[in-house]
Amino acid sequence: MNRIPVILDGDPGHDDAIAWVLAFAHPEAFEILGAVSVSGNAILTKTTYNMLRILTLLGATDIPAAAGAERPLCGEPSPAPSVHGQSGLDGPVLPEPGFSLCGLSGVELMTELLRESREPVTLAPTGPLTDVAALFLAHPELKAKIGRISLMGGGLLSGNWTPAAEFNILVDPEAAKVVFESGVPITMAGLDVTQRAYVTPEEFEKIRAVGGEVARVVADWLEFFYGYHRALGYPGATLHDPVAVAALLRPEIMTTRELYVQVETCGEFCRGATVGDFYSRSGKTPNVTAILDIDRPAFVELILDAVRFYK
Ligand code: RIB
Ligand code: CA
């Protein structure tokens, strides 16, 4: 399997953090070129601090990291402390950052990495799409250097932050519209699949039992993150963001459909909705590989294998 060059972009965030645990556990599959933080679950200073702490925990202090967008293309940040806590990554104590930001902005770092790469690069955004949109608006020619965007965002059947919109898309619908209309191939891990990609409290303890610091931290993250889901009656913590990474590793455990998807940026009730053309009424060529289902036990095993990597 040739290693895929990957740029991570997220708003850690418990599930972003576990997506990155998964990504760095597969050096045989991924060459992680860099990581960029974005405002989303928490304000940018917090997601950036969390990014550096996660990378330090994972021993990934040798890759360039940059702070991305402080606010959406339009409007103001809308953090979610009810889900991820005031820090954006409440729960276990984490190491202090063992390295510093690279000195470039998020767009500057992504631009440099794309220009330097000899292979098509995969972007794995797991937060609002502000950084990716800003990159495309500033350097549209660099779309040609991107092989695929494997993103967590959207929901074809419903939202989770409004009835119609999923959080990542709702925070920055204008950015999402730019990305979905970019022509770059997109794998969409929306709520349709991520609501099924949950880990149960019993499985938290299987993860903890692997032993080692990363296993303990991941189990503690899951325990904190599940607090929000338990109140809503979920059987476990829904690991949204790791599905976007798992789709690059084990596509065979997922059910997908090629679909034309548009992003609603107006609408009294539907701003931020991702609208899938299931009956090809638009006459438009599909722009998205939409993930609709997942083999949940196989997904959980992937997470277990990832924490074993760090032991
Ligand atoms: O709706 C779920 C998404 O919003 C996840 O990426 C989570 O981290 C938050 O960013
Ligand atoms: Ca996220």
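All figures in this text were calculated on a predicted structure; none of them were measured in a lab. In listed order, ligands and their atoms are each counted from 1.
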Classify the contact between Thr194 and ligand 1 as side chain, backbone, both or neither, using a heavy-atom distance cut-off of under 4.0 Å. neither
the protein heavy atom lying closest to atom 1 (O) of ligand 1 turns out to be Glu166 OE2, 2.6 Å
State whether the side chain of Asn50 and the backbone N or O of Pro12 hold a donor-acceptor pair below 3.5 Å, judged by distance alone. yes
Are any non-hydrogen side-chain atoms of Glu166 and Met152 less than 4.5 angstrom apart? yes
Quick one: look up the protein heavy atom nearest atom 9 (C) of ligand 1 and list residue, atom name and how far away it is. Asn41 OD1, 3.1 Å
Atom 5 (C) of ligand 1: the protein heavy-atom neighbour that sits closest, reported with distance to 0.1 Å: Asp15 OD2, 3.2 Å
Name the one of Ile7, Leu113, Ile149 that satisfies side chain to side chain contact (heavy atoms under 4.5 Å, CB included) with Val121? Ile7
pair Ser39-Thr130: side-chain heavy atoms closer than 4.5 Å: no
With a 4.5 Å limit on heavy-atom distance, are the side chains of Met51 and Leu101 in contact? yes
Is Val83 touching ligand 1 with its side chain, its backbone, both, or neither, if touching means heavy atoms under 4.0 Å apart? neither
Per-atom contacts of ligand 1 with Met152, taking only distances under 4.0 Å to non-hydrogen atoms: 2 (C), 3 (C), 5 (C), 6 (O)
Carboxylate-amine/guanidinium proximity below 4.0 Å for Arg250 and Glu301: no
So, regarding His240 and ligand 1 (criterion: nitrogen or oxygen to nitrogen or oxygen, under 3.5 Å), is there a contact or not? no
Using side-chain heavy atoms (C-beta onward) and a distance below 4.5 Å, is Met188 in contact with Val193? no
Salt-bridge contact Arg208-Glu205 (side-chain N to carboxylate O under 4.0 Å): yes
Protein-derived N, O or S atoms lying less than 3.0 Å from the Ca ion (ligand 2), waters not counted, sum to 5
What I'd like to find out is whether the side chain of Thr265 reaches to under 4.5 Å of the side chain of Arg271, using heavy atoms alone. yes
For Asn160, the atoms of ligand 1 under 4.0 Å from one of its heavy atoms are 1 (O), 2 (C)
Identify, for atom 6 (O) of ligand 1, the protein heavy atom at the shortest distance, and state residue, atom and that distance. Asp241 OD1, 2.5 Å
Are the side chains of Phe225 and Val83 in touch, meaning some heavy atoms are under 4.5 Å apart? yes
